[in-house]
Amino acid sequence: MADTNFDVVVVGGGPGGYVAAIRAAQLKMKVAVVEKQHLGGICLNWGCIPTKALLRSAEIYHYMNHADAYGLSASGVSFDLEKVVKRSRAVSKQLNGGVGHLLKKNKVTVIDGEGKLAGPGKLKVTKDGKAVADLTGKHIILATGARARSLPGLEPDGKLVWTYMEALVPDIMPKSMLVIGSGAIGIEFASFFKTMGADVTVVEVMQQILPVEDEEIAAHARKRFEKQGMKIISGAKVTGLKKAANSVTVSVEDAKGKTSEITVDRVISAVGVVGNIEGLGLETTKVKTDRGCIVADEFLRTDEPGIYAIGDVAGPPMLAHKAEHEGVICVEKIAGLPHVHPMDKSKIPGCTYCHPQVASVGMTEKKAKEAGRQVKVGRFPFMGNGKAIALGEPEGMIKTVFDAKTGELLGAHMVGAEVTELIQGFVVAMGLETTEEDLMHTVFPHPTLSEMMHESVLDAYGRVIHM
Ligand SMILES: Cc1cc2nc3c(=O)[nH]c(=O)nc-3n(C[C@H](O)[C@H](O)[C@H](O)COP(=O)(O)OP(=O)(O)OC[C@H]3O[C@@H](n4cnc5c(N)ncnc54)[C@H](O)[C@@H]3O)c2cc1C
């Protein structure tokens, strides 16, 4: 390799890493990205994007099966799983190529290999065990992401017990399936396989599914899933898996300690992710780790000067947009730009693309009360919105939580059609420290689902119109 000295070396080319690299290049730094497997990381290749492609097929399949409700007819509706998966993989491939193109356009050097720190400022790169390069970087950004967590005794085998990787490229459409964990990843797969016709059971250790979401919103989503025929067992844990040739018998222990068995074709383990911190040479530095992630401050600096950590490897929330944002903050601070905003994790939106969708930002009602806030809460149902009725999507809700004393918008929570697109309105509002007054004076276009955001705010102050 001709050039081995860089201003910034980024380890990992996922959304955290490649965005950091592009921003650093824009700021006139000499940048290299070391990526061992796939540009775009988990997000583009095995996470956000291919799941959304699968869910899109499921959504269209759902509408085709319900064509009659719209005065249309579609007979012989069926699907070809291989083609559904092929489309999802093609979408990932297209975007993976796009990242390569963007890095090239920004004159970022991309090195195919695995990076390992050899002390501050030094990175050894190998490929298939062979040395590729010894790099030096004034600044080294660790953006190595995360991988599926596995629980002892419940380890995925890739055949009968899947992680998200196998679930994204299923070779069969299981007739029955059990999903362990009801976080965003588990629920999205449960929703996909349910819509495509599988008999789906979800087991969640907490009482509430989608445990980080507002209680009321999660309860609403649960009701809808159960109405679709999904079986949800919450406050229960999976204690064992017995595998047969083509099925798995799952032991589930409920809150009272009573165990029952459920036999399914396939199991998906969706019990969270852990940071990729192993084999990174952290021991050659002062970098600290905590519960499987690298400890970094609000500007993503680790305890070793010149070494930074961003994205999933730097801890929760493990979301692509958080990784990207951290990449930008980290690099702008390195470049010495004035007024770099530190990472504010309280305003990061979260979206789950199940049917119905769930989206939120800020504090839940419960969290706000626990934080000692006096709150005003507004709610508006999809049933009261003209666009929702016209779309044939009358079920759902938008909830807003305000500080009763100051009118500050503390949180917004949604369940229903297209809410993953709506939430950003409230993210912007919170970012601008908007109060109820500003939101009430804002004009929302008609007819749109966004009018429900307005109505929810009006409801919090006893001024709701359409309810
Ligand atoms: C099924 C699923 C669905 C998801 N859906 C969403 C969603 O809808 N929205 C959302 O915001 N988030 C979603 N996520 C989470 C999202 O994928 C992650 O938050 C995001 O990818 C994190 O970006 P990152 O850059 O930190 O890490 P990653 O995307 O994991 O990228 C890390 C990269 O580093 C590389 N790497 C690791 N170690 C080394 C090394 N030593 N040397 C060189 N390269 C290395 C890896 O190969 C990888 O490409 C989903 C995740 C999964 C699994």
Euclidean distance, [Y] [atom2] relative to [X] [atom1], rounded to 0.5 Å:
X	Y	atom1	atom2	answer
His339	Leu337	NE2	CG	10.0 Å
Asn106	His101	CG	NE2	9.0 Å
Ser360	Met414	OG	CE	9.5 Å
Glu365	Ile217	CD	CD1	10.5 Å

Face-on cation placement of Lys333 at Phe299 ring, 6.0 Å and 45° thresholds | yes
side-chain hydrogen bond (donor to acceptor under 3.5 Å, both in side chains) between His466 and Glu455, intermediate numbers included | CA-CA 8 Å; His466 293 96; Glu455 293 273 23; 2.4 Å; yes
Side chain [X], main chain [Y], donor-acceptor under 3.5 Å:
X	Y	result
His321	Pro349	yes
Ser191	Ile187	no
Asp438	Thr434	no
Thr51	Gly47	yes
Thr302	Ile307	yes
His413	Met363	yes
Glu408	Leu410	no
Thr109	Ala32	no
Asn385	Thr448	yes
Asp403	Lys405	yes

Provide the closest heavy-atom pair for [X] versus [Y] in the form atom of the first, atom of the second, distance.
X	Y	result
Val358	Ala221	CG2-CB, 4.1 Å
Asn276	Ala146	ND2-N, 3.4 Å
Gly40	Pro15	O-CD, 3.5 Å
Ala270	Val179	CB-CG1, 4.4 Å
Gly407	Tyr461	CA-OH, 3.7 Å
Met206	Pro211	CG-CG, 4.0 Å

Is it true that [X] and [Y] make a salt bridge, defined as a side-chain N closer than 4.0 Å to a carboxylate O?
X	Y	answer
Lys286	Asp303	no
Arg56	Glu59	yes
Glu395	Arg224	yes
Arg222	Glu213	no
Lys399	Asp214	yes
Asp3	Lys30	yes
Glu215	Lys366	yes
Glu216	Arg379	yes
Lys345	Glu298	no

When you look at Asp134 and Lys122, which way does the side-chain contact (heavy atoms from CB on, under 4.5 Å) test go after all the steps?
-> CA-CA 7 Å; Asp134 283 336; Lys122 293 189 189 126; over 6 Å; no
May I ask you to check whether over 12 heavy atoms, not counting those of [X], lie within 6.0 Å of atom [atom1]?
X	atom1	value
Lys52	NZ	yes
Lys127	NZ	yes
Arg89	CZ	yes
Gln26	CD	yes
Lys104	NZ	no
Met383	CE	no
Glu370	CD	yes
Glu155	CD	yes

So, do [X] and [Y] sit near enough that their side-chain heavy atoms are less than 4.5 Å apart?
X	Y	value
Phe382	Ile389	no
Phe426	Val361	yes
Glu114	Val34	no

Worked verdict on Glu332 versus Arg23 for salt bridge (Lys or Arg N to Asp or Glu O under 4.0 Å) | CA-CA 8 Å; Glu332 291 188 348; Arg23 185 71 188 117; 2.7 Å; yes
Reference residue [X]; test side chain to side chain contact (heavy atoms under 4.5 Å, CB included); the match among [options]:
X	options	answer
Tyr308	Leu142, Ile140, Ile334	Ile334
Phe189	Val200, Ile268, Val202	Ile268
Gln357	Val415, Thr420, Leu55	Thr420

Audit row: Asn5, Thr136, side-chain hydrogen bond (donor to acceptor under 3.5 Å, both in side chains) steps and yes/no | CA-CA 5 Å; Asn5 302 320; Thr136 59; 2.5 Å; yes
Given side-chain hydrogen bond (donor to acceptor under 3.5 Å, both in side chains), test Glu204 with Ser234 step by step and report yes or no.
-> CA-CA 5 Å; Glu204 167 59 53; Ser234 63; over 6 Å; no
So Lys237 and Val203, side-chain contact (heavy atoms from CB on, under 4.5 Å) or not? Walk me through it.
-> CA-CA 7 Å; Lys237 57 182 179 215; Val203 180; 5.8 Å; no
Evaluate the side-chain contact (heavy atoms from CB on, under 4.5 Å) criterion for residues Ile111 and Val33: first the C-alpha distance (whole Å), next the side-chain angles of each, then the deciding distance (0.1 Å), finally the verdict.
-> CA-CA 6 Å; Ile111 302 166; Val33 169; over 6 Å; no
Would you tell me whether Thr163 and Ser269 have side-chain atoms, one donor and one acceptor, within less than 3.5 Å of each other?
-> no
Mind telling me whether Phe444 and His454 have parallel, tilted or perpendicular rings, with 30° and 60° as the class edges?
-> parallel
Run the side-chain contact (heavy atoms from CB on, under 4.5 Å) check on Ile329 and Glu326 step by step: do they pass?
-> CA-CA 5 Å; Ile329 290 173; Glu326 286 184 339; 5.5 Å; no
